[in-house]
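Just below is one structure, and these are the notes that go with it.
Numbering of ligands and ligand atoms starts at 1, following listing order. The shown structure was predicted, so the numbers you read here are calculated from the model rather than taken from an experiment.
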Amino acid sequence: MTTQVLGVSERSLRLAKQYIDAGDVVAFHTETVYGLGADARSDAAVKHIFELKGRPQNNPLIVHVHREFDITSLVDFIPPYAELLAKAYLPGPLTMVYPSSNKVSGLVSCGLNTLAVRVPSSETAQAFLRAVDIPIAAPSANLSKHISPVTAQHVFEDFSGRIPLILDGGKCEGGIESTVLDCTGETPLILRAGLVTQEMIASVAGSCGVYVPKEGEQPRSPGMAYKHYAPKCRTAFFSPEELERAKALYLEEEERGGVPCFFCEDALIRSLDGFRALDLGSSGEEMANRLYELLHRGEEEATLLIGICPKERGGVYEGVLNRLTRAFGG
Ligand code: AMP
Ligand code: MG
């Protein structure tokens, strides 16, 4: 199979619809990362997504719909605070988890009685979702555990020859996966941090918790149990206070003939004169935007990536930190 990479046009949308109607998988741009989409109502199509990615069978998928789609047809109950949040932040990088009404394949939620729904703001995603006009189950378009894709080229590298079409919308501006918000309780609960922050949700909903799995408990957002986003090269992770130790490791790697490279925020770059370094930038949003692209570059260019944890906490930093610690193995 040849994999076509096409921008949005009448022809590419017609092709996308043909592939989706035939039960095939199509990758598409969103404002967070590229998605790997298929008909959420079809067991066979959803199973195909899991097989392509090598994704564990207990890691559920998010259903994507266009902005005019009637979400009440997919879920049992939408609490008033969720309606306020939808008005404030949708379309956008916020996934909301509701009690499912079991209208899509049971494989999407991996047997959970909830359904995660997202309305992406990307024009490419909206054009695709309007063209097919059905709920599309879509995880990130990377092989399981590999770095999430933020360009069509990243998707091509993981799936060339295995999917018929990538709808290219350029670089994903958001850069990290959507915030996943549990909307099944009396107050919203963040299951996965992202660009829509706890502060933003609390300012609309009145309050917002952050889920932390208790020891031994099955996590409510199963994907969070996995090592993820891992580059193919070796990695190490240090706090800013451990910079001298990190430099020693860098020099050791160089002496062994390897290619070490730092991976850190802009404020640290000045103290790394003479060292190779990938610059994450300074604000939380900038770091989210650059994170996966730099990880992809890092794995191409380095034998050892040395991550230094950013200093700030709260807001978008929480989502960035979560991805960083998991990409660098803690
Ligand atoms: P990905 O699209 O690869 O970012 O993965 C989607 C993530 O959304 C999963 O790993 C889960 O953590 C989360 N998710 C999807 N469906 C549900 C659900 N029904 N309940 C809780 N979390 C979910
Ligand atoms: Mg993923």
Mark up the atoms of ligand 1 that fall under 4.0 Å of a heavy atom belonging to Thr114, in ascending order. 18 (C), 19 (N), 20 (N)

Is the His154-His146 ring centre distance short of 6.0 angstrom? no

What do you reckon, does Glu177 have a nitrogen or oxygen under 3.5 Å from a nitrogen or oxygen of ligand 1? no

Show the atoms of ligand 1 that are less than 4.0 angstrom away from any heavy atom in Ile62. 6 (C), 8 (O)

Ile306 CD1 to Leu304 CG distance, which is reported to the nearest 0.5 Å: 4.5 Å

Leu191, portion touching ligand 1 at heavy-atom distance under 4.0 Å: side chain

Counting heavy atoms only, which part of Arg55 comes closer than 4.0 Å to ligand 1: side chain, backbone, both or neither? side chain

Do Thr32 and Arg118 have side-chain N/O donor and acceptor atoms under 3.5 Å apart? yes

Hey, is there an N, O or S on Ser140 sitting under 2.8 Å from the Mg ion (ligand 2)? yes

Should you measure from each heavy atom of Pro139, which atoms of ligand 1 turn up under 4.0 Å away? 2 (O), 3 (O)

Close N or O approach (Lys53, ligand 1; < 3.5 Å): no

Between His64 and Phe28, is the ring centre distance below 6.0 Å? yes

Side chains of Gln153 and Thr151: is there a donor and an acceptor less than 3.5 Å apart? no

Close approach, Asn142 and ligand 1, non-hydrogen under 4.0 angstrom: no

Side-chain donor-acceptor pair under 3.5 Å between Ser148 and Arg323, yes or no? no

Lys/Arg N to Asp/Glu carboxylate O, Glu293 vs Arg297, below 4.0 Å: no

